[in-house]
Amino acid sequence: MAVKVIELKCIGCGKCVRVCPFEAINMIDKKAKINDKCTACGQCVEACPVDAIEKEEKKFRAGGVDVSLYRGVWVFAEQRDGNLLNVAIELVGEGRKIADALEVPLTAVLLGNNIDGLAEKLVKYGADEVLYANHDLLNVYTTDGYTKVIYDLIKERKPEIMLIGATNIGRDLGPRISARVHTGLTADCTKLDVDLENRRLMQTRPAFGGNLMATIVCPDHRPQMSTVRPGVMEKAKYDENRKGNIVKFTPDLKDEDIRAKVTEVVKGGKAEVQLEESKIIVSGGRGLGNPEGFKLIEDLAKKLGGVVGASRATVDAGWIEHSHQVGQTGKTVRPSLYVACGISGAIQHLAGMQESKVIVAINKDADAPIFKVADYGIVGDVYEVLPELIEALDNVDDIMEAFKAMNK
Ligand SMILES: Cc1cc2nc3c(=O)[nH]c(=O)nc-3n(C[C@H](O)[C@H](O)[C@H](O)COP(=O)(O)OP(=O)(O)OC[C@H]3O[C@@H](n4cnc5c(N)ncnc54)[C@H](O)[C@@H]3O)c2cc1C
């Protein structure tokens, strides 16, 4: 209730009861009492001859906002060179679920230059609305440019939730926006839920080196902002027939708004391994003993049509590039088949692969924690098991024939 009676001043004259259009005031023991029909219209405040009724200013916690003014779920649809990143599609999938639960529209925020096709794609993936800022200064990512455009949009349209992929760009952009809007940001979330009663986003992320999962809420500030780990959420399904509203606009952005100028974009010489895209991953750990061990891992990966992953211990040892690392500080993967060779199964490694459909572990220690998540386990030396496995795969057709014959 936003109108209150100061009992000591009330003389029980009843004028307020007569002027109230909503029957929201009763006279009890010669004092005016406001009931829950009150809409805070303020007519009683005007009518009271003794100033016994006043409008209560809404009190917000330090720097907080009236959260009821903010509605809708937004996702930042990151694109590079006119291609939507997978994490953008994952966020549309996750954002859709949250928006449906809160019964609000899902909006994708797309920034770029002449990439109309992507706006349509976002609708087909599940966005109800795409706010598409089209400008030649948005061609390449700049912190200043992207922050300004999104900040202006938030000020104007007031979303209650904003999700950003925790890519290099997203991790740069998210905090800049949240500081400018003065709201909370939870970085690198791996799970999101909503508390429907308070419309709060429950943002869960690993903390203390992955030994603790922290669930963080942002009660008094809006929008509630999260960066979300790529590869963790499921991708949205594409529906050719889906319809939505594309709001294409030219943002108010000038050259001088952007302090850091991008003079050149240099792509890494080596194509990064596409771990998140792969259905089959064969990973090696410190159990390989030396970098040459990865040749065996590569052989098996090739045989299975997959790619090579690695534990952090091997990356730290300089045996393999960081782009192969799976885990909390590497990539999060969910392939159909994950083969862990000589990997102990530390919690930080499991954080990146335990959602895989089938996990096979090869380790000479029968008590290694990796066996707790493995669907199939082989206790043995990788240097004995892997060559046998590779050879067996050469003869897989013969083996299958023999197997079928046995079961006839
Ligand atoms: C903040 C933080 C973030 C981290 N992020 C990551 C991350 O993203 N990814 C990650 O992987 N780790 C991460 N770590 C490190 C993690 O805690 C472990 O140290 C790491 O995963 C261990 O790698 P490993 O399993 O290869 O090595 P080890 O733990 O040393 O395990 C080697 C395993 O190989 C087995 N073995 C040895 N010889 C053989 C053999 N011949 N044949 C078969 N098996 C054999 C051993 O029994 C053992 O189980 C992180 C740690 C911290 C603190």
Side-chain angles (χ1 to χ4, degrees), residues 87 165-168 171 186-191 204-214 227-232 272-276 278 281-301 306-335 337-356 359-392:
V87 69
T167 58
N168 291 343
R171 286 171 198 230
T186 305
D188 215 16
C189 293
T190 52
K191 188 167 172 263
T204 303
R205 56 152 299 156
F208 295 107
N211 292 309
L212 190 82
M213 296 305 279
T227 59
V228 179
R229 261 197 151 206
V232 177
E272 282 228 331
V273 57
Q274 294 297 322
L275 274 181
E276 291 111 318
S278 235
I281 297 173
V282 184
S283 279
R286 188 153 38 201
L288 293 175
N290 57 60
E292 282 69 48
F294 272 104
K295 291 212 183 80
L296 267 182
I297 301 288
E298 212 177 314
D299 281 354
L300 180 60
V307 297
V308 172
S311 71
R312 175 158 155 181
T314 61
V315 175
D316 287 350
W319 298 354
I320 191 161
E321 296 254 322
H322 179 260
S323 57
H324 291 267
Q325 186 183 313
V326 172
Q328 191 193 319
T329 44
K331 304 223 167 94
T332 304
V333 297
R334 46 165 80 210
L337 173 65
Y338 188 88
V339 188
C341 312
I343 292 179
S344 59
I347 186 156
Q348 297 89 353
H349 188 80
L350 301 184
M353 46 64 77
Q354 60 196 358
E355 297 295 321
S356 307
I359 298 172
V360 177
I362 307 167
N363 195 306
K364 65 180 185 190
D365 173 10
D367 294 325
I370 191 78
F371 287 123
K372 293 208 179 97
V373 299
D375 299 283
Y376 300 96
I378 303 171
V379 178
D381 190 319
V382 278
Y383 288 98
E384 286 166 20
V385 178
L386 283 177
E388 276 188 44
L389 251 179
I390 293 165
E391 198 189 320

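Note that the structure is predicted; figures quoted are calculated from it, not measured. Values below: all heavy atoms of this structure, side chains included; hydrogens, waters and symmetry mates excluded. Read the numbers this way: they start at 1 and go in the same order the structure lists the ligands and their atoms.
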Ser278 vs Val333, side-chain contact (heavy atoms from CB on, under 4.5 Å): CA-CA, chis, key distance, verdict: CA-CA 8 Å; Ser278 235; Val333 297; over 6 Å; no
My understanding is that we take every heavy atom of each candidate and find the minimum distance to atom 52 (C) of ligand 1. Doing that for Arg286, Gln348, Gln325, which one comes out nearest? Gln348
Any heavy atom of Thr314 closer to ligand 1 than 4.0 angstrom? no
Donor-acceptor contact present, side-chain His322 to main-chain Gly330, <3.5 Å: no
Residue Val326 vicinity, atoms of ligand 1 by number, heavy atom under 4.0 Å: 7 (C), 8 (O), 9 (N), 10 (C), 11 (O)
If we set the cut-off at 4.0 Å for heavy atoms, which region of Ala346 has an atom near ligand 1: side chain, backbone, both, or neither? side chain
Step by step, work out the side-chain contact (heavy atoms from CB on, under 4.5 Å) result for Tyr338 and Val282. CA-CA 6 Å; Tyr338 188 88; Val282 184; over 6 Å; no
If you count the atoms of ligand 1 from 1 in the order shown, which ones are under 4.0 Å from a heavy atom of Gly287? 32 (C), 34 (O), 36 (N), 37 (C), 38 (N), 39 (C), 40 (C), 41 (N), 45 (C)
State the atoms of ligand 1, each with its element, that fall below the 4.0 Å cut-off from a heavy-atom position in Gly380. 42 (N), 43 (C)
Does Asn290 have more than 12 heavy atoms from other residues, nucleotides or ligands lying within 6.0 Å of its CG? yes
Please round to the nearest 0.5 Å and tell me the distance separating atom CD of Glu321 and atom OG1 of Thr314. 11.5 Å
Side chain, backbone, both or neither: the part of Ile370 lying under 4.0 Å from ligand 1 by heavy atom: neither
Which ligand 1 atoms are under 4.0 Å away from a heavy-atom of Asp365? 47 (O)
Ring geometry between Phe294 and Trp319 (parallel below 30°, tilted from 30 to 60°, perpendicular above 60°): perpendicular
Taking only heavy atoms of Ser311 into account, list the atoms of ligand 1 that are under 4.0 Å away from them. 11 (O), 23 (O), 24 (P), 26 (O)
Is there a nitrogen or oxygen of Ala310 sitting under 3.5 Å from a nitrogen or oxygen of ligand 1? no
Of all heavy-atom pairs between Arg205 and Asp188, which one has the smallest distance, and what is that distance? CB-O, 3.7 Å
Ala361 and Phe371 have their tightest heavy-atom pair at O-CE2, 3.6 Å
Is the shortest side-chain heavy-atom distance between Leu288 and Tyr383 below 4.5 Å? yes
Between Met353 and Ile370, is there a side-chain heavy-atom distance shorter than 4.5 Å? yes
List every atom of ligand 1 that sits less than 4.0 Å from any heavy atom of Gly285, numbering the atoms from 1 in the order shown and giving each element. 26 (O)
What atoms of ligand 1 come within less than 4.0 Å of a heavy atom belonging to Thr329? 3 (C), 4 (C), 5 (N), 6 (C), 7 (C), 8 (O)
Proximal ligand 1 atoms for Gly327, defined as those under 4.0 Å from one of its heavy atoms: 7 (C), 8 (O), 9 (N)
Polar contact flag for Gly345 and ligand 1 (N/O pairs, less than 3.5 Å): no
Heavy-atom distance to atom 46 (C) of ligand 1: which of Leu386, Thr332, Asn363, Asp367 wins? Asn363
